[in-house]
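Data first, discussion second: the structure below is written as structure tokens.
Heavy atoms only: backbone and side chains are in, while hydrogens, waters and symmetry mates are out. Heads up: numbering here begins at 1 and tracks the sequence.
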Amino acid sequence: MPAVTFDAPSRTYLLTTPTTAYALRIDEDDTPRTLHWGPRLTLAQAASLPLTPGESSSFGSRGGDELGVEGGARFGVPSLQLRYADGTGGTEWRHLGHGVGDGTLDIRLADRHYPVEVTLHYRVFGDSEVIERRVTVRHTGTGGPVELLRADSAAWSLPPRADYRLSHTVGEWCGETRLRRVTAPVAETVFTSRRGVSSHHANPWLMADAGDADETHGEVWSTALSWSGSWRITAQRTPDGLLSWTGGAGHEGTRVTLRSGETWRTPAFSGVYSPDGFGGTSRAWHTHIAAHVLPLPDELRPVVYNSWEATGWDLTEQGQFGLARAAADLGVELFVMDDGWFGSRTSDRAGLGDWRPNPARFPEGLAPLADEVHRLGMRFGLWVEPEMVNPDSDLYREHPDWVLHMPHRTRTLLRHQLVLNFAREDVADWAHKWLDRLLTEHAIDFLKWDMNRAFTEAGWPGHPDPDRLWHDHVHAVYGLMDRLRADHPGLRIEACAGGGGRADLGMMARSDQIWISDNTDALDRLTIQHGYSQLYPARTMSAWVTDSPNTNTARTAPLRFRFHSAMAGALGIGGDLLRWSPAERTEARALVARYKEIRPVVQFGAQYRHPDAVQYATADEHVVIAWGTPRRLRLAAVDAGARYRDDVSGTVYDGAVLRGTGLPLDLPTGDLPSVLVRLERVDGEVN
Ligand code: DGJ
């Protein structure tokens, strides 16, 4: 069946993914309304469906608008809010038609009176369960401006169920992506960031189930925004039992003016329906992100060394040489020098914006270090924070007007820094010039792109439409990353914002990995990684082994546990290697070598979460990393008729046993025990 079909008599559209379907109808009022989001249906079945219950009246709650507007008997959260020059607000829909392409559907709508056209864009993929949605709003008249108060990317409505539960992540600096599952209140629940970044506090996705799903079973409806700035998703459960949500870029209280002929494009807000529980949902997202989001999904992520926790601000050229040699000796493949290499940046109080090597620290520039790192057989990476400036910098002294600011308002300093207004073309050009020069003149293979503070006093004096900066800043960052990648094809990027403050699909589309938290405590990380994995794949999850006791939490942990925790993602090392004992280095060398053996399975395999364990599976191999107390683990995705050999002990297991009784886990005794097992399929079926 083609991925997009239309039944003209009932004005029903049907989108199909490999195993799911999404249907909507243009109702008698010309309003697009959700019909179905769930298992596969035929077009005839979709056309026969009634619209979602719910009435438009003073006392009822109407459900299922594909993009809720203001006006008529609608009292829910609008997805689209417009104001026209004469003071009128709201929208009355007129259906103009549609365009169908290869996996795409564009539904064209207009206001019945005012000069606005809105297109609802849908996209489905032959190899992914994701339905991607976004919206464009166009001022089609010649008259006065149209004010855009809100333009969400999509609204999603769930089928009626007896109960609903919401899943989302909460967080803070050093404690991102902690999973929460709560009964959906009969209320409006807002998930948002007003910080100019997607934020540590809430990650821009939302899932719902009927309260009965677990890792392996049950229906789950999930959605995620491809956006790295402020955002808002508002879920609404009405007293008559319906659950829906609307989401998009930006937070409340901003307004943008659309001029005649202008088009506003929202980012994507994509959705997945899965009947296979939270595990199936996560794997559907991981598959999609690999197939359609990441720039280089099939490239193995290197073993990184990053010097931040080892040196802090006491960074010296000789110290970097020493760390680079120690890292190379362990098998590290990419050496990254973090903050403190430029300008007068010897603390967080000065130097941001002055992107020249600090002459006292690097008298001959970066070349000697870059050359040495390359000579040692590693790639060379550098920390940058292009969107920021310290007031104590030459850049700020020269261009105090380049930052977000408002007349008569204090320029709030956070971490002693201000945000450069990348929405300004001159600022974005300046950033492109120095980054391009840095990459051209030095052999830099990798940038860790940091962003360490929220927007405040987000003004743009002199600009007629200052709230655009919330949107334009993000697009300028995207544009800059895209351009640098295109012009420097060897460049790889790690996205970071004080840890996981900008871990989202928007960043993922132009980076290779994400630094998901400044908390490198291996035990805390397991919680953060669990939440991160709900949507994002392991290959993007940068994780370092650092010192014990941990610098953030003071917890001591065996080296093996620290490695096992980090080996569940893209392994890196961030400890002060020069203080590691010879025995620790020997153990670390072996664990790095082990990681390289299992890396293709961890980074490219399907991920199965178990209590106190995580499993990665390809057709022929399984890697299990377990911690805590489990003594046996019933494996997923093994072939009951096959045999699997533990590549270290040589023990051979029947697949049926691994599925049924489980894999025996030989966890050591002592604090924070952990074990890693690799099973390879061996030839010959079990009789
Ligand atoms: C915040 C990052 O998350 C850290 O890893 C480190 O790069 C510091 N910034 C440097 O200032």
Under 3.5 Å donor-acceptor, Glu66 side chain and Pro32 backbone: no

Closest non-hydrogen atom pair between Ile528 and Cys174, with its separation: CD1-O, 4.2 Å

Do the non-hydrogen side-chain atoms of Leu658 and Leu679 ever get within less than 4.5 Å of each other? yes

Output the distance between atom CG (Leu300) and atom CZ (Arg599), rounded to the nearest 0.5 Å. 5.0 Å

Take the angle between the ring planes of His95 and His98 and call it parallel below 30°, perpendicular above 60°, tilted in between. parallel

Run Asp504 and Trp231 through side chain to side chain contact (heavy atoms under 4.5 Å, CB included) and show every step you take. CA-CA 11 Å; Asp504 52 66; Trp231 57 277; over 6 Å; no

Please answer whether the main-chain N or O of Pro295 pairs with a side-chain N or O of Arg485 as donor and acceptor at a distance below 3.5 Å. no

May I ask you to decide if Ser198's main-chain N or O and Ser228's side chain share a donor-acceptor pair within less than 3.5 Å? no

Glu219 CD to Asp276 CG distance, which is reported to the nearest 0.5 Å: 10.5 Å

Could you measure the distance from the CG atom of Asp612 to the CH2 atom of Trp627? Nearest 0.5 Å is fine. 6.5 Å

Test: Arg150 and Asp152 ion pair at under 4.0 Å: yes

So, for Ser193 and Ser199, which heavy atoms are closest and what is the spacing to 0.1 Å? OG-CB, 3.6 Å

Tell me whether Gln45 contacts the main-chain N or O of Thr42 through its side chain, where contact means a donor paired with an acceptor under 3.5 Å. yes

Show the nearest heavy-atom pair for residues Asp7 and Ala47, with the distance to one decimal. OD2-CB, 3.5 Å

Test Leu82 against Leu148 for side chain to side chain contact (heavy atoms under 4.5 Å, CB included), laying out the working first. CA-CA 5 Å; Leu82 299 167; Leu148 199 62; 3.2 Å; yes

Do the side chains of Arg609 and Ser282 get nearer than 4.5 Å, heavy atoms only? yes

With no hydrogens and no angle check, do the side chains of Thr223 and Trp245 hold a donor and an acceptor under 3.5 Å apart? yes

Parallel under 30°, tilted from 30 to 60°, perpendicular over 60°: which one fits the rings of His475 and Trp227? tilted

So, using salt bridge (Lys or Arg N to Asp or Glu O under 4.0 Å) as the criterion, who are the partners of Arg525 when residues are at least two apart? none

Does any part of the side chain of Phe191, heavy atoms only, come nearer than 4.5 Å to the side chain of Asn203, both counted from C-beta? no

Taking the side chain as every heavy atom from C-beta outward, state whether Gln529 and Leu526 have any pair of such atoms under 4.5 Å apart. yes

Any side-chain to backbone donor/acceptor pair from Arg232 onto Val190? Under 3.5 Å, distance only. no

Can you tell me if Thr104 uses its side chain to pair, donor with acceptor, with the backbone of Gly101 under 3.5 Å? yes

Sequence neighbours excluded, which residues qualify as side-chain contact (heavy atoms from CB on, under 4.5 Å) partners of Arg138? Glu117, Thr140, Thr263

Judged by modelled atom types alone, do Thr12 and Arg25 share a side-chain donor-acceptor pair under 3.5 Å? yes

Would you confirm whether Arg40, through its side chain, and Thr17, through its main-chain N or O, come within 3.5 Å as a donor-acceptor pair? yes

Ion pair present between Arg539 and Glu299, side-chain N to carboxylate O less than 4.0 angstrom? no

Checking Val118, Leu24, Leu96, Val135 against Ile107 for side chain to side chain contact (heavy atoms under 4.5 Å, CB included), the one that qualifies is Leu24

Quick test of your reading of the model: are Arg178 and Asp524 salt-bridged, counting only N-O distances below 4.0 Å? no

Taking the basic N atoms (NZ, or NE/NH1/NH2) and the acidic carboxylate oxygens, is any pair closer than 4.0 Å for Arg11 and Asp30? yes

Just verifying a value: how many Å separate Thr5 OG1 and Leu43 CG, rounded to the nearest 0.5 Å? 4.0 Å

In short, Val624 meets Gln615 closest at the heavy-atom pair CG2-CG, 4.1 Å

Check whether any side-chain heavy atom of Trp449 sits under 4.5 Å from a side-chain heavy atom of Ser511, and report yes or no. no

Short side-chain to backbone donor-acceptor contact, Trp470 and Asp472, under 3.5 Å: no

Kindly compute the distance separating CG (Asp27) from OG (Ser10), expressed to the nearest 0.5 Å. 12.0 Å

Approximate separation, where rounding is to 0.5 Å, of Lys448 NZ and Ile493 CD1: 14.0 Å

Check whether more than 12 heavy atoms from other residues, nucleotides or ligands sit under 6.0 Å from atom CZ of Arg492, and answer yes or no. yes

Please examine the side chains of Met507 and Tyr478, heavy atoms only from C-beta on, and report whether any two atoms are closer than 4.5 Å. yes

Measure up the His292 and Phe125 rings against each other and bin them: parallel (under 30°), tilted (30 to 60°), perpendicular (over 60°). tilted

Less than 4.5 Å apart, side chain to side chain, heavy atoms only: is that true for Tyr13 and Leu15? no

Verdict with supporting geometry, Asp240 and Thr238, side-chain hydrogen bond (donor to acceptor under 3.5 Å, both in side chains): CA-CA 5 Å; Asp240 47 9; Thr238 57; 2.5 Å; yes

Closest contact, heavy atoms only, Ser153 versus Leu67: C-CD1, 4.4 Å

Hey, mind stepping through Ser167 and Arg181 against side-chain hydrogen bond (donor to acceptor under 3.5 Å, both in side chains) and telling me if it holds? CA-CA 4 Å; Ser167 298; Arg181 295 225 147 97; 2.6 Å; yes

Please answer whether the main-chain N or O of Gln603 pairs with a side-chain N or O of Arg301 as donor and acceptor at a distance below 3.5 Å. no

Where the side chain of His251 meets the backbone of Thr254, is there a donor-acceptor pair that is under 3.5 Å apart? no

Any side-chain heavy-atom pair from Ile514 and Tyr536 closer than 4.5 angstrom? no

Ring centroid separation Trp156 to Trp221 under 6.0 Å: no

Run the side chain to side chain contact (heavy atoms under 4.5 Å, CB included) check on Thr281 and Met207 step by step: do they pass? CA-CA 9 Å; Thr281 299; Met207 298 184 187; 3.9 Å; yes

Show your reasoning for whether side chain to side chain contact (heavy atoms under 4.5 Å, CB included) applies to Trp515 and Trp544. CA-CA 9 Å; Trp515 179 236; Trp544 308 338; 3.1 Å; yes

Gln513 versus Pro302, closest heavy-atom pair with distance: OE1-CD, 4.3 Å

Could you check Glu176 against Ser517 for side-chain hydrogen bond (donor to acceptor under 3.5 Å, both in side chains), going step by step and ending with a plain yes or no? CA-CA 6 Å; Glu176 298 84 338; Ser517 182; 2.6 Å; yes

Can you confirm whether the side chains of Arg194 and Ser230 place a donor and an acceptor under 3.5 Å from each other? no

